[in-house]
Engineer: 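Sharing a structure below in C-alpha cells format, with a few things to ask.
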Amino acid sequence: MKLDALDDRQREAAAHGDEPLLIVAGAGTGKTTTLAHRVAHLIDRGVRPERILLVTFARRAAAELLRRVDGLLNGGARGRAASGRVWGGTFHAVATRLLRLHGEHIGLHPGFTIHDRADSEDLLDVLRAELDLARGDRRFPRKATCADIYSRCVNAREPLGTLLDRGFPWCKEHEDGLKLLFRTYTDRKAEQNVLDFDDLLVFLDGLLADPAAGPIVRGRFDAVLVDEYQDTNALQADLLERLRPSGRGLTVVGDDAQAIYSFRAATVRNILDFPLRYPGARSVVLTQSFRSTPTLLEATNRVIAQARERHAKELWSARPGGERPELVTCRDEEQQSELVIERVLARREQGMDLRRQAVLFRASHHSAQLEIELGRRGIPFRKYGGLRFLEAAHVRDLLAFLRLLENPRDLVAGTRVLSLLPGIGPHIARALLDPVVAHGGFAPWRAARPPAAAAPRWPALVAMCEELSAPHGPALPVQVHRVRDFYAPLCEARYDHADARLRDLEQLEHAAAAFTDRSTMLAELTLDPPQSTQELAGPPSLDDDYLVLSTIHSAKGLEFDATYVIHAADGNIPSDLATGRPEEIDEELRLFYVALSRARDHLTVLFPLRWYDRPAGVGGKHSYAQLTRFLPPAVRAAFDERAAAPEALRAEALPTVESGVSAEIRKRMHDLWS
DNA sequence: GGGATGAGATTTTTT
DNA sequence: ATCTCATCCC
C-alpha cells in the first residue's frame with residue numbers, strides 16, 4: 001500500500017495504528033483522500049472489508065469514498081470488491097441494517113417500517129387531536145414544533161424541562177401536555193411496529209447495551225471510521241462509544257469550524273471533547289488546503305477568525321496566488337441573477353463546465369428568482385436542498401400505499417391511503433384500519449362496509465392490497481405499476497397538474513427495478529431521498545452539464561471551481577430566525593464560512609440592496625438590506641468590492657443624504673420631547 | 001363525520 | 001404563499 005501521494009500529516013493519519021484517532025481536517029485539506037487511504041491501509045494490513053464500518057453524513061459520500069478505496073487497492077487482489085463489502089452509510093442507514101439483522105434479540109420485529117419526519121409529524125398531529133391538547137385558550141405548539149422538541153430531546157439526551165427552558169421557552173407552559181403527547185407517541189409507534197429516525201439510533205443504542213446482543217454486534221467490526229464528526233449529536237457519540245468502548249479502532253474526522261447542524265441537536269462538543277472521552281487518543285490536524293488559492297484562503301481565514309469559540313487554525317496553500325474574491329453590491333434580486341448568469345456563461349465560454357460552478361444560498365427559496373431566470377434562458381441546472389422529490393404529496397401518497405402493503409399496521413400510511421377515497425376522513429379511516437391492525441392483514445376489509453362515496457373503488461382496493469401483500473407477490477415494478485393504476489384517477493380528482501405528477505410516479509416505477517425488494521426500496525428512499533426527479537431517474541451522464549444550485553447545508557463537503565454566494569444580506573446570512581443567542585450567530589458564521597470555502601479558484605459574494613419580504617405580489621413590498629455582519633471592513637479588505645450598477649444605486653437605492661428640509665423636520669420632532 | 005370555505009398566523013437548514 | 005383552525009352545510 002503506497003501512501004506517497006499524501007503529505008506528512010495525512011500519511012501519519014492514514015497509517016495510524018489502533019489507538020483512537022481524531023483527524024481535524026480544515027476545508028479542502030484532503031480529508032476524503034486521507035480517509036480513503038486509511039481504509040485502504042487497513043484492508044492492506046489484513047482487516048477484512050466487511051469488518052470495517054464507515055459512517056458518513058450522506059450515502060453519496062460513502063459511495064464516493066469506497067470508489068476511491070477500490071482505486072487505491074486495484075493492484076492487490078484483496079481490494080477488488082472492497083466497496084461492496086465495507087459497511088458504509090449514514091448512522092441511520094447502518095442502524096437500519098443492524099436492527100433488521102439483530103433487532104429480534106431485543107424484541108424488535110425485523111419487518112418494521114420507517115417513519116420520516118413528515119410521517120412523525122402526521123402521527124403527532126393525530127395524537128394531539130386525540131388527546132384533545134389543542135383545547136384550551138393557550139395555543140398548543142404546532143406539529144412541526146412538537147416533532148422538533150421531541151427529536152431534540154432524544155438526540156441531545158436532554159430532559160424535556162431543561163430543553164424547553166433553553167430552546168423553546170414559549171412552549172414551557174405546555175410541558176405536561178407535551179410529556180403526555182410524547183408518551184402516547186412512543187406507545188403508538190410500538191403498536192404499529194414503526195420506527196422513526198430517532199428510534200433507529202435509540203434502538204441501536206439499546207441493542208448495543210444489551211448484555212447478550214451487544215457483544216455480537218460489536219464483534220462484527222474491527223474498525224469504525226466516522227466522517228463529519230463535528231455534526232454528530234450526543235446520542236451518536238454514545239453509540240460510537242458502545243461500538244468501540246475503549247476507542248481502539250475508532251477514527252473520527254471533522255472540522256469544528258464547519259459545524260452547521262446544531263438545529264438537529266448536533267454538538268461541536270463531540271469533536272472538541274474527543275481527546276477527553278478517549279484518553280490516549282491521537283490528534284492530527286490538517287491545515288494545508290489543496291483546494292483554494294492563497295488569495296481565497298486569505299479571505300476565508302479572516303471570516304472564520306470572527307468566531308467566538310473555536311480551535312484556531314490557519315489554512316495555507318502551496319498553490320500560486322490567484323484571483324481575489326469579489327463582493328458585488330446589486331440593486332436588487334433581478335440584477336443579482338443577471339450578474340450570476342453573466343459570470344457563469346462567461347466562464348463556460350472559457351471552458352469551465354457548468355457543473356464545476358455552484359450558486360449557494362442560506363434558505364431554499366432564495367434561489368426562486370434565479371431558477372425562473374435560468375429556466376427562461378434555457379440554462380440547465382440542478383437544485384439541491386429544500387423541497388425534495390419525496391415531499392411532494394403525490395409521491396408521499398404512492399409510498400404510503402407501498403408502506404401499508406409492507407406493514408398493514410402502519411396507521412399513518414393506512415390513514416393517508418384511505419383518506420384518498422371520497423367520503424373517507426380520519427375517523428372512518430381509523431374504524432376501517434383497526435381490524436386490519438388487529439388481524440395483521442387485509443382480510444377484514446372483504447366484508448367491510450365503506451361509505452357510499454367510496455364503495456365503487458373499494459373492491460379494487462381490497463383486491464390489490466391482498467394480492468400485493470401476499471408473501472410471494474409480483475415483482476416490485478409491477479407492484480408500483482398496479483398501485484399507480486389504482487391511484488391515477490384519485491390523483492386527477494385531487495390535485496392540479498395531475499399529468500405531471502403521474503409522470504413523476506412513472507419515474508418511481510422505473511426506479512423500483514433497481515431495488516431488491518419493497519422493504520429495501522422504502523427504507524432507502526426514506527433514509528436517503530433523491531434530491532430531485534432527475535436524480536431518481538439515475539446518475540447524470542458525463543456529457544450532461546448543469547449549473548449547481550444548492551443550500552449551503554447541502555453543499556457541505558463539495559467543492560467547485562467557481563462559487564457564487566447570493567443574498568449575503570443580514571437577515572439572510574445570518575438568518576433573522578437564528579440571531580437570538582450568540583451560539584446561534586456563531587453557527588451562522590460557520591455556515592457562511594462553509595459557503596465561501598467551497599471555492600477552488602473563483603469566489604463571488606453578491607448582495608442585493610433591495611429585498612422583497614414577500615414573494616412579489618401587487619405593489620411589491622420591499623425594504624433596503626444591510627450587508628451581512630460577517631463582512632466588516634477588516635474582512636472586506638480581502639475582497640474586491642464593486643457595485644453592479646453605480647448609477648442605478650445613486651438614483652434610487654441610497655437616499656441617505658438628507659435635504660435641509662428633512663433635517664429641520666427631524667430637529668423639530670426631536671425637540672418635541674425635550 | 002366529511003369536506004369546502006375563509007380568517008389568521010407563520011415563514012431555515014435535514015437524517 | 002402555505003399551514004392551521006373554526007365554521008358551516010351536506
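Because the structure is predicted, anything quoted here is derived from the model rather than measured.
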Engineer: Regarding Thr113(A) and Glu406(A), is there a side-chain donor-to-acceptor distance under 3.5 Å anywhere?
Structural biologist: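 Note: Thr113(A) and Glu406(A) side chains miss the donor-acceptor criterion.
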Engineer: Quick check on dC5(C): is either OP1 or OP2 less than 4.0 Å from any side-chain nitrogen or oxygen of Arg128(A)?
Structural biologist: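 For Arg128(A), the contact criterion (side-chain N or O under 4.0 Å from OP1 or OP2 of dC5(C)) is met.
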Engineer: Write down the protein N/O and nucleotide N/O pairs, taken from nucleotides 1-3 of chain B, whose separation is under 3.5 Å; answer none if there are no such pairs.
Structural biologist:
| unit_1 | atom_1 | unit_2 | atom_2 | d |
| --- | --- | --- | --- | --- |
| dG2(B) | OP1 | Gly425(A) | N | 3.0 |
| dG2(B) | OP1 | Gly425(A) | O | 3.1 |
| dG2(B) | OP1 | His427(A) | N | 3.2 |
| dG2(B) | OP1 | Ile428(A) | N | 3.0 |
| dG2(B) | OP2 | His427(A) | ND1 | 3.3 |
| dG3(B) | OP1 | Gly423(A) | N | 2.5 |
| dG3(B) | OP2 | Ile424(A) | O | 3.2 |

Engineer: Between dT14(B), dT15(B), dT12(B), spot the one nearest the side chain of His553(A), thanks.
Structural biologist: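 When the side chain of His553(A) is considered, dT14(B) is the closest of dT14(B), dT15(B), dT12(B).
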Engineer: If you measure only the distance, is there a donor-acceptor pair under 3.5 Å linking the side chains of Ser337(A) and Glu373(A)?
Structural biologist: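 Not at all, the side chains of Ser337(A) and Glu373(A) share no donor-acceptor pair under 3.5 Å.
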Engineer: Taking CD1 from Ile114(A) and C1' from dT15(B), how many angstroms apart are they, rounded to a whole number?
Structural biologist: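 In whole Å, dT15(B) C1' lies 11 Å from Ile114(A) CD1.
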Engineer: Sorted by first residue and then second, give each salt bridge (charged side-chain N to carboxylate O under 4.0 Å, His left out) pair with at least one member in residues 90-100 of chain A; sequence neighbours left out.
Structural biologist: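 Applying salt bridge (charged side-chain N to carboxylate O under 4.0 Å, His left out) to every pair that reaches into residues 90-100 of chain A, excluding sequence neighbours, yields nothing.
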Engineer: For residues Ser120(A) and Lys189(A), is any side-chain donor paired with an opposing acceptor at under 3.5 Å?
Structural biologist: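 Note: Ser120(A) and Lys189(A) side chains miss the donor-acceptor criterion.
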Engineer: If I pick the C1' atom on dC5(C) and the same atom on dT12(B), what distance separates them, to the nearest angstrom?
Structural biologist: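 Looking at atom C1' only, dT12(B) and dC5(C) are 24 Å apart.
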Engineer: Which is true for Phe91(A) with a 4.0 Å heavy-atom rule: it touches a base, it touches only sugar-phosphate, or it touches nothing?
Structural biologist: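 Result for Phe91(A) = nothing.
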Engineer: Are the ring of Phe263(A) and the six-membered base ring of dT13(B) within the stacking cut-offs of under 5.5 Å and under 30°?
Structural biologist: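 Yes, Phe263(A) stacks on the base of dT13(B), since the ring centres sit under 5.5 Å apart and the planes are within 30°.
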Engineer: Given the ring of Phe486(A), does Arg457(A) sit roughly above its face, with NZ or CZ under 6.0 Å from the centre of the six-membered ring and within 45° of the axis?
Structural biologist: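 Here Arg457(A) passes the 6.0 Å and 45° test against Phe486(A).
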Engineer: Taking donor-acceptor contacts at under 3.5 Å, does the side chain of Arg362(A) reach the base of dT13(B)?
Structural biologist: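 By the distance-only test, yes, there is a pair.
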Engineer: To the nearest angstrom, how far is His115(A) atom NE2 from dT14(B) atom P?
Structural biologist: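 It works out to 22 Å between those atoms.
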Engineer: Atom CD of Glu588(A) and atom C1' of dT12(B): how far apart are they, to the nearest Å?
Structural biologist: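 Value for this atom pair: 8 Å.
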Engineer: Using whole Å, report how far CG of Asp196(A) lies from C1' of dT15(B).
Structural biologist: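 From Asp196(A) CG to dT15(B) C1': 11 Å.
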Engineer: How do Arg142(A) and Thr526(A) order along DNA chain B: which one's closest nucleotide is nearer the 5' end?
Structural biologist: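 Going by which nucleotide is closer to the 5' end, it is Arg142(A).
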Engineer: Send over the distance from Tyr150(A) OH to dT14(B) C1', rounded to a whole Å.
Structural biologist: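 Rounded to the whole Å, the gap is 17 Å.
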Engineer: Take atom CZ of Arg264(A) and atom P of dT13(B), then tell me their distance rounded to the nearest Å.
Structural biologist: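 Rounding to the nearest Å, CZ of Arg264(A) and P of dT13(B) are 14 Å apart.
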Engineer: So, is Ser554(A) near the phosphate of dT14(B), with a side-chain N or O under 4.0 Å from OP1 or OP2?
Structural biologist: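 Answer yes for this pair, as a side-chain N or O of Ser554(A) is under 4.0 Å from OP1 or OP2.
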Engineer: To the nearest Å, how far apart are Phe592(A) CZ and dT13(B) P?
Structural biologist: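 Atom-to-atom, Phe592(A) to dT13(B), this comes out as 18 Å.
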Engineer: Is Arg501(A) salt-bridged to Asp504(A), going by a charged N under 4.0 Å from an acidic O?
Structural biologist: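 No, Arg501(A) and Asp504(A) are not salt-bridged.
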Engineer: Rounding to an integer number of Å, can you tell me how far Phe140(A) CZ sits from dC5(C) C1'?
Structural biologist: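 Whole-Å distance recorded here is 15 Å.
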Engineer: Got a sec, which residues hit ring-ring contact (aromatic ring centres under 6.0 Å, His included) with Trp445(A), two or more places apart in sequence or on another chain?
Structural biologist: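 With sequence neighbours excluded, Trp445(A) shows a ring-ring contact (aromatic ring centres under 6.0 Å, His included) to Phe442(A), Trp458(A), given in chain and number order.
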